Number of protein chains: 2
Amino acid sequence: MGDDCRHTESAQPGLEGAALANAVAAAAVKCERTRERLTPPRRRVLELLLEADGPMKAYDLIAAYGQDGEPAKPPTVYRALDFLERLGFAHRIESLNAYVPCRMEGTSHRAAFLICECCGTAEEFEPDFAPQFAAAEAAGYAVRTVTLEARGLCPACKVEA
Amino acid sequence: MGDDCRHTESAQPGLEGAALANAVAAAAVKCERTRERLTPPRRRVLELLLEADGPMKAYDLIAAYGQDGEPAKPPTVYRALDFLERLGFAHRIESLNAYVPCRMEGTSHRAAFLICECCGTAEEFEPDFAPQFAAAEAAGYAVRTVTLEARGLCPACKVEA
DNA sequence: GAGGTTATGTTATTTCATAACGAATCATCT
DNA sequence: AGATGATTCGTTATGAAATAACATAACCTC
């Protein structure tokens, strides 16, 4: 996926410069409010996710971690990802084994994605699960988290195909 | 998950004896109709999935593969799983890295699961995605497959907690 | 039965993720 | 300040999940 795609520009360019700094600063503020610590490794992994043009694999993050080219050790990145997911700053996309920064400001813990099988972008959207799970909850289930990943073609790749 | 669960009986016992044989035979019939081949390794992996009390990991299947206790080689099982998924006889649960036999007779390729974080069972249900993706398709997306996995507590474990 | 297609067996490797443990940092209380 | 407990981090090592590559065998059909 993304390999046979003729696009040169990303459908979802990463943040740079001031926009990146603002996004990181916003996360730092949120952390302060909840007494959570945005430590250097956590901040660094968040930066990498925000800079990226699409979902990042864990070992991509590991390789890109050091500004000097030195990779991180796997636990460093996985721990940071756990933290970022816990606070809602990042999401794991199960069907890609990859991670994206959260792009839905201040919403619930429910993440849903439209994943383009051509260009590899993953667009987050806000699902409405109420009708889906009314039946389940009526049957006695207690739903805690939901993973919804739809795969197909984004508008740009669909036109191209 | 499933580790801290005090249940002794499975919420979803696997098939045995005649029921198992019937299920496998039904799959064989479907294969014949579409000129697909339910070869020995494919049949064996399907049996293992049907016998199981819950989602099976790939390496559980590998270990259980030989009736004599001999494990399979990984590609044997992964290829069989690809086949079973392609024909709709099995589903992969992304958030567990595990596989279940399809329990929804003759339905679409849409699978959705309610996964109990206590006892580990995964109940398949038939979701209605139309409302979810009307907006996406209106925006130009071509949705091809959907993965929906809800995690929480099943009725039995919820009562117990 | 020749030739193309599909499936299998086998070896090795790659990719993804976590266990375990000691050292460092931070918050809090006295 | 110093003791205490909780988090976080760095590091080594290992475990778990999945695939690459290629040779062999079985199947179809002409």
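On a predicted model such as this, the values are computed, not experimentally measured, just so you know. Just so we're on the same page: letters track the sequence lines, and every chain starts at 1.
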Selection from D:dA17, C:dA17, D:dT8 that lies nearest to any side-chain heavy atom of A:T39: D:dT8
Touch class at under 4.0 angstrom, heavy-atom based, for B:R92 against every strand present: sugar-phosphate
Under-4.0 Å side-chain N/O to phosphate OP1/OP2 contact, A:K73 with D:dT11: yes
Set of side-chain hydrogen bond (donor to acceptor under 3.5 Å, both in side chains) partners for A:R44, sequence neighbours left out: A:E47
Interatomic distance, A:I62 CD1 vs D:dT11 P [rounded to whole Å]: 14 Å
Residue pair A:E36 / A:F83, side-chain heavy-atom distance below 4.5 Å: yes
Nucleotide nearest A:R37 when distance is taken to its side chain, options C:dC26, C:dA7, C:dA17: C:dC26
Residue mapping more 5' on DNA chain C - nearest nucleotide basis, A:Y99 or B:R79: B:R79
Pair B:R103-B:E124, salt bridge (charged side-chain N to carboxylate O under 4.0 Å, His left out): steps then yes or no: CA-CA 7 Å; B:R103 302 192 189 274; B:E124 186 173 354; over 6 Å; no
Phosphate OP1/OP2 of C:dT15 contacted by A:Y59 side-chain N/O (<4.0 Å): no
Side chain of B:K57 (C-beta onward), nearest among D:dT19, D:dA17, C:dG9: D:dA17
Length of the line joining B:M56:CE and D:dA17:C1', which is rounded to integer Å: 15 Å
Spacing between A:D60 atom CG and C:dT15 atom P, to the nearest angstrom: 10 Å
Sugar-phosphate only, base, or nothing, as touched by B:P75 at under 4.0 Å among non-hydrogen atoms: base
Per A:T76 side chain, nearest of listed nucleotides D:dT11, D:dT8, D:dA18: D:dT11
Value in whole Å for how far the C1' atom of C:dT13 lies from OH of B:Y78: 14 Å
Validation row: A:V24, A:R43 side chains within 4.5 angstrom (heavy atoms): yes
Salt bridge present between A:R151 and A:E149 (N-O < 4.0 angstrom): no
Between C1' of D:dC9 and CZ of A:R43, the distance in whole Å: 17 Å
Residue met sooner reading DNA chain C from 5', once B:Y65 and A:D82 are mapped to nucleotides: B:Y65
